[in-house]
2 protein chains.
Amino acid sequence: MSFPVPQHDHGACIRGAMDAAESACRMQGARLTPIRRRVLELVWENHQPVGAYALLETLAKEGWSAAPPTVYRALDFLLRHGLVHRIALQNAFVGCSHPGEPHAGAFLLCSHCGAAAELADLSVDRAIAEAAARNGFSVTRQTIEVEGLCPACRAGGAGR
Amino acid sequence: MSFPVPQHDHGACIRGAMDAAESACRMQGARLTPIRRRVLELVWENHQPVGAYALLETLAKEGWSAAPPTVYRALDFLLRHGLVHRIALQNAFVGCSHPGEPHAGAFLLCSHCGAAAELADLSVDRAIAEAAARNGFSVTRQTIEVEGLCPACRAGGAGR
DNA sequence: ACCGATATGTTATAATGTAACAGGCGCTGG
DNA sequence: CCAGCGCCTGTTACATTATAACATATCGGT
Ligand SMILES: [Zn+2]
Ligand SMILES: [Zn+2]
Ligand SMILES: [Zn+2]
Ligand SMILES: [Zn+2]
């Protein structure tokens with residue numbers, strides 16, 4: 001998965017993510033309740049990380065009973081079941097591009113437009129595993145967040 | 001730089017870090033004022049990331065005038081001059097093991113004892129740069145934080 | 001229908017981080 | 001000397017992110 005191209009059909013993109021989530025939850029015997037489902041949809045609304053309080057505000061406008069624990073619990077569920085990732089650099093959350101297989105996730109974050117793309121590249125994981133092993137360290141989880149300019153913003157002249 | 005061994009002389013370790021900081025600041029024409037110096041010492045107190053409010057509390061006990069901006073400003077200075085790194089996963093700060101050359105920093109974080117080690121391994125940087133390039137992404141900064149068990153804690157049986 | 005487990009509602013508060021402005025200190029040019 | 005300027009610090013107030021704790025509701029199996 002990489003950055004969405006301009007002609008990208010985002011409706012289909014969201015439907016795909018929701019279908020994948022449904023099936024992942026069925027597989028794991030997890031309950032994708034209405035509020036969890038809605039939070040996941042909102043996280044997928046655009047290809048950018050979303051803050052918990054932004055989600056909260058949207059939910060409130062939509063008439064949900066909304067207090068911080070509401071959204072944090074939903075996010076916690078989605079994290080535990082590998083449906084979203086947390087971007088530590090931004091205290092924000094983004095949809096997982098390939099749920100099903102638990103994985104750490106590595107992200108490219110555009111400083112100009114805010115877009116996030118999940119990097120499905122094992123060479124990075126491998127380099128980390130090897131470097132850790134050389135230091136006698138056994139890895140359980142890794143966080144990789146790379147800031148820079150996405151292809152569109154480079155073309156647009158954002159960085160020059 | 002890796003995890004400190006048991007017979008590690010931490011006094012010398014701190015002195016070395018402070019000397020390196022002095023010289024880096026002289027080089028850059030930056031002023032390592034008493035409060036900045038003290039914050040850096042406190043960050044180096046052990047080989048674990050320290051939170052801003054923990055630093056604040058210590059400073060207060062030592063009689064400094066201490067409000068959040070005090071410590072955040074010192075940390076900001078130390079970050080800008082490459083003397084500390086911020087650990088995004090923990091909202092905490094840790095001393096830089098090789099100041100002088102600006103670099104992103106990659107960290108091994110032990111989940112058991114809390115120790116942090118800065119990875120000076122270019123293979124990870126290279127893998128990331130290559131993966132980013134394949135996606136048409138130009139990197140400006142990267143955050144790599146690897147959680148797991150350090151050699152000592154593995155030996156101690158923490159993970160079994 | 002009942003029960004235990006899970007999910008949600010609600011209130012309050014903790015933890016982390018910034019904005020904004022006032023005052024001080026040290027250098028530099030007159 | 002001293003006026004002006006830049007940087008550093010003090011102080012107050014506030015913004016943002018996250019969790020604790022307890023009450024209530026809902027689901028699913030018996
Ligand atoms: Zn899309
Ligand atoms: Zn962009
Ligand atoms: Zn040491
Ligand atoms: Zn350890």
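Everything numeric in this text was worked out from a predicted model, so none of it was measured. In what follows, chains are A, B, ... by sequence order, proteins preceding strands, each numbered from 1.
Put simply, A:N91 has no side-chain N or O that comes within less than 4.0 Å of OP1 or OP2 on D:dT16. For the OP1/OP2 pair of C:dT10 and a distance below 4.0 Å, the side-chain nitrogens and oxygens of A:T70 include no atom meeting the criterion. Taking 4.0 angstrom as the limit, B:S65 places none of its side-chain polar atoms (N or O) nearer than this to OP1 or OP2 of D:dT9. Of the side-chain N and O atoms in A:R36, one or more sit less than 4.0 angstrom from OP1 or OP2 of C:dA7. Within the 4.0 Å cut-off from OP1 or OP2 of D:dT9, not a single side-chain nitrogen or oxygen of B:R38 is found.
As a whole-Å value, the separation of B:L59 CG from D:dT9 P is 12 Å. In this structure, A:H81 places its NE2 atom 11 Å from P of C:dT6, rounding to the nearest Å. B:L56 has its CG atom 15 Å from the C1' atom of C:dA14, to the nearest Å. Computed from coordinates, the A:D76 CG to C:dT6 C1' distance equals 14 Å when rounded to whole Å. Residue A:L89 contributes atom CG, which lies 12 Å from atom P of C:dG17 at whole-angstrom precision. The distance between atom CG of B:L75 and atom P of C:dT16, rounded to the nearest whole Å, is 13 Å. Atoms CG (B:L32) and P (D:dC7) sit 18 Å apart, rounded to a whole Å. Whole-Å rounding puts the A:I35 CD1 to D:dT26 C1' distance at 14 Å.
To the nearest 0.5 angstrom, B:E147 atom CD is 10.5 Å from B:C110 atom SG.
With D:dT12, D:dT17, C:dT8 as the choices, the nucleotide that has an atom nearest any side-chain atom of A:Y53 turns out to be D:dT17. Here D:dT17 is the nucleotide among C:dT8, D:dT17, C:dA12 with the atom lying nearest to any side-chain atom of A:Y72. In the set D:dT9, C:dT6, C:dG17, the nucleotide with an atom closest to the side chain of A:R31 is C:dT6. Closest to the side chain of A:A67, out of C:dT18, D:dT11, C:dT10, is C:dT10. The side chain of B:P69 lies closest to D:dT12, out of C:dT8, D:dT12, C:dA12.
By the 30° and 60° cut-offs, the orientation of the rings of B:H85 relative to B:H103 is perpendicular.
Between B:H47 and B:W44, some side-chain heavy-atom pair lies under the 4.5 Å cut-off.
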* Would you check, one step at a time, whether the test salt bridge (Lys or Arg N to Asp or Glu O under 4.0 Å) holds for B:D76 with B:R80? => CA-CA 6 Å; B:D76 192 52; B:R80 284 197 320 269; 2.6 Å; yes
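Between A:R73 and B:R73, the residue whose closest nucleotide on DNA chain D is further toward the 5' end is B:R73. Taking for each of A:W64 and B:Q90 the nucleotide of DNA chain C with the nearest heavy atom, the 5'-most of the two is the partner of A:W64.
Salt-bridge formation is not detected for the pair B:E130/B:R126: no Lys NZ or Arg NE/NH1/NH2 atom is positioned less than 4.0 Å from an Asp or Glu carboxylate oxygen.
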